[in-house]
**Student:** 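Could you have a look at this structure, given as structure tokens, before my questions?
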2 protein chains.
Amino acid sequence: MNPDLNDDVFAALASPVRRALLTLLLDGPRTVNELAAHFDMRRPSVSEHLKVLRDAELVSERRVGRERHYSLEAGPLMELQEWLHPYERFWRERMAGLRDVLEDM
Amino acid sequence: MNPDLNDDVFAALASPVRRALLTLLLDGPRTVNELAAHFDMRRPSVSEHLKVLRDAELVSERRVGRERHYSLEAGPLMELQEWLHPYERFWRERMAGLRDVLEDM
DNA sequence: ATATTAGGTAGGGAGTTTCCTACCTGTCAA
DNA sequence: TTGACAGGTAGGAAACTCCCTACCTAATAT
């Protein structure tokens with residue numbers, strides 16, 4: 001049903017550091033050093049986090065001279081949204097329940 | 001911004017077993033034994049997965065005699081959908097790009 | 001009362017994750 | 001051409017995950 005939404009994506013999103021990296025990339029492509037500056041962590045560790053994101057195809061890299069520019073790739077996140085669809089009914093029901101309670105007050 | 005969407009939710013979703021448990025609960029509340037029957041795994045392990053889901057508030061439990069009925073709680077998934085919002089722009093852009101390529105063919 | 005059933009908890013082993021330092025290659029600048 | 005800089009890779013320690021078996025309590029059934 002969602003053939004391309006695999007474990008790797010969920011595993012990649014499980015780390016707060018990697019989620020923060022994705023958030024930083026919302027503002028456009030960034031080099032590894034620019035990204036690393038935001039973390040209390042050595043650069044090689046950031047490199048490894050980027051590798052996990054690359055393997056999950058959540059980011060892409062473009063080589064520019066001796067720099068590497070990382071960009072957000074939102075495809076897997078779109079599939080994640082699709083994965084959520086079957087659950088949507090449940091939170092709508094809960095919201096409806098909440099609304100009813102509020103109306104009774 | 002999403003104060004209630006914490007690490008626990010992403011970590012809970014990182015396991016394929018736990019995602020399968022949520023999928024099973026789409027059909028309504030289930031006991032631990034009913035859930036465990038779907039996995040090639042001992043029951044205590046399923047219990048532990050359920051504990052992780054409970055801690056992330058993705059499921060709730062109701063005691064009925066000696067059984068425990070687990071139910072889906074979609075609140076955190078709704079927050080996950082909200083977490084995705086800032087990324088939506090990116091996949092829309094990608095889709096638009098794809099459409100343009102197709103139109104040129 | 002006793003046996004059985006539902007299901008949680010404890011402790012442990014194997015595998016994985018996450019960080020580190022040390023080191024390497026490739027590019028640019030002097 | 002030599003030095004400095006960007007950033008990836010290797011190897012290893014500490015912590016965490018995931019599964020197991022053994023065991024426990026509470027509730028039902030006999």
Side-chain angles (χ1 to χ4, degrees), chain A residues 5-25 27-73 76 80, chain B residues 5-25 27-73 76 80:
Chain A
L5 180 56
N6 47 30
D7 266 20
D8 291 11
V9 174
F10 284 103
L13 294 177
S15 151
V17 172
R18 290 190 293 267
R19 291 197 304 277
L21 283 166
L22 295 180
T23 304
L24 287 169
L25 292 175
D27 292 333
R30 291 286 182 275
T31 66
V32 178
N33 272 331
E34 285 167 345
L35 293 169
H38 291 82
F39 298 91
D40 183 19
M41 184 186 296
R42 305 291 168 204
R43 198 200 22 79
S45 305
V46 175
S47 255
E48 282 156 14
H49 282 298
L50 286 168
K51 178 174 166 50
V52 174
L53 290 170
R54 234 186 304 123
D55 290 348
E57 299 183 87
L58 282 160
V59 304
S60 61
E61 95 175 8
R62 195 168 59 93
R63 286 153 202 247
V64 178
R66 63 184 153 177
E67 296 176 341
R68 309 208 179 182
H69 295 242
Y70 279 88
S71 305
L72 186 60
E73 292 293 334
L80 177 53
Chain B
L5 180 57
N6 47 30
D7 266 20
D8 292 12
V9 173
F10 285 103
L13 294 177
S15 151
V17 172
R18 289 191 292 265
R19 291 197 304 277
L21 283 166
L22 294 180
T23 304
L24 288 169
L25 292 176
D27 293 332
R30 291 286 182 275
T31 66
V32 178
N33 273 329
E34 285 168 346
L35 293 168
H38 291 82
F39 298 91
D40 184 18
M41 181 186 299
R42 304 294 168 200
R43 198 200 22 80
S45 306
V46 176
S47 255
E48 281 156 14
H49 281 299
L50 286 168
K51 179 176 166 49
V52 174
L53 291 170
R54 234 185 306 124
D55 289 348
E57 298 181 87
L58 283 159
V59 303
S60 59
E61 96 175 6
R62 194 168 59 92
R63 285 155 202 244
V64 178
R66 64 183 154 178
E67 295 177 341
R68 309 207 179 183
H69 296 239
Y70 279 88
S71 304
L72 186 61
E73 291 294 333
L80 176 54

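Every chain is numbered from 1, with letters handed out A, B, ... down the list of sequences.
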**Student:** Whole angstrom is fine here: how far is it from CE in A/Met41 over to P in C/dT17?
**Tutor:** 16 Å
**Student:** Rounding to an integer number of Å, can you tell me how far B/Asp8 CG sits from D/dT17 C1'?
**Tutor:** 14 Å
**Student:** Once you apply a heavy-atom cut-off of 4.0 Å, does B/Arg63 come out as touching a base, just sugar-phosphate, or nothing?
**Tutor:** nothing
**Student:** Minimum heavy-atom separation for A/Ser60 and A/Glu73, please, with both atom names.
**Tutor:** OG-OE2, 2.9 Å
**Student:** NE2 of A/His69 versus P of D/dA6: gap in Å, rounded?
**Tutor:** 12 Å
**Student:** Using 0.5 Å steps for rounding, measure from the NE2 atom of B/His49 to the CG atom of B/Leu35.
**Tutor:** 12.0 Å
**Student:** For D/dA6, take OP1 and OP2 only and decide whether either is under 4.0 Å from a side-chain N or O of A/Arg68.
**Tutor:** no
**Student:** Compare side-chain N and O positions of B/Ser47 against OP1 and OP2 of C/dG8 and report whether any pair is under 4.0 Å apart.
**Tutor:** yes
**Student:** Of all the nucleotides listed (D/dA22, D/dG7, C/dG7), which has the minimum atom distance to the side chain of B/Pro44?
**Tutor:** D/dA22
**Student:** Taking CD from A/Glu61 and C1' from C/dG26, how many angstroms apart are they, rounded to a whole number?
**Tutor:** 13 Å
**Student:** If you measure from the Lys or Arg side-chain nitrogens to the Asp or Glu carboxylate oxygens, is any gap between A/Arg54 and A/Asp8 under 4.0 Å?
**Tutor:** no
**Student:** Identify whether any heavy atom of A/Arg18 sits under 4.0 Å from a base atom; if not, whether one sits that close to sugar-phosphate; answer base, sugar-phosphate or nothing.
**Tutor:** sugar-phosphate
**Student:** Specify the separation, in whole Å, of atom CG of B/Asp55 and atom P of D/dC18.
**Tutor:** 13 Å
**Student:** Both A/Val52 and A/Val64 contact DNA chain C. Which one's nearest nucleotide lies toward the 5' end?
**Tutor:** A/Val52
**Student:** With rounding to the nearest 0.5 Å, note down the distance linking CG in A/Leu24 to OH in A/Tyr70.
**Tutor:** 14.5 Å
**Student:** Distance-only, no hydrogens or angles: does the A/Arg18 side chain make a donor-acceptor pair with backbone N or O of A/Ala12 under 3.5 Å?
**Tutor:** yes
**Student:** C/dG8, OP1 or OP2 - any side-chain N/O from B/Tyr70 closer than 4.0 Å?
**Tutor:** yes
**Student:** Within this structure, what is the NZ-to-P distance between B/Lys51 and D/dC16, rounded to whole angstrom?
**Tutor:** 15 Å
**Student:** Tell me: CZ of A/Arg42 to C1' of D/dA13, nearest whole Å?
**Tutor:** 16 Å
**Student:** Classify the side chain of B/Arg43 versus the base of C/dG7 as yes if they form a donor-acceptor pair under 3.5 Å and no if they do not.
**Tutor:** yes
**Student:** Does B/Asn33 put a side-chain nitrogen or oxygen below 4.0 Å from OP1 or OP2 of C/dG7?
**Tutor:** yes
**Student:** Distance check: side-chain N/O of A/His49 vs OP1/OP2 of C/dC19, anything under 4.0 Å?
**Tutor:** yes
**Student:** Does D/dC20 have its OP1 or OP2 closer than 4.0 Å to a side-chain nitrogen or oxygen of B/Ser45?
**Tutor:** yes
**Student:** Establish whether the base of D/dC20 is bridged to the side chain of B/Glu48 by a donor-acceptor pair shorter than 3.5 Å.
**Tutor:** yes
**Student:** With nearest nucleotides of DNA chain C determined for B/Thr31 and A/Val17 from heavy-atom distances, which residue corresponds to the more 5′ nucleotide?
**Tutor:** B/Thr31
**Student:** Measure the distance from CG on B/Leu35 to P on C/dG7 and round it to the nearest whole Å.
**Tutor:** 9 Å
**Student:** Start with the C-alpha gap between A/Leu13 and A/Val9, add the side-chain angles, then the distance that decides, and say whether side-chain contact (heavy atoms from CB on, under 4.5 Å) holds.
**Tutor:** CA-CA 6 Å; A/Leu13 294 177; A/Val9 174; 4.2 Å; yes
**Student:** With no angle test and no hydrogens, is the base of D/dC5 tied to the side chain of A/Arg66 by a donor-acceptor pair under 3.5 Å?
**Tutor:** yes
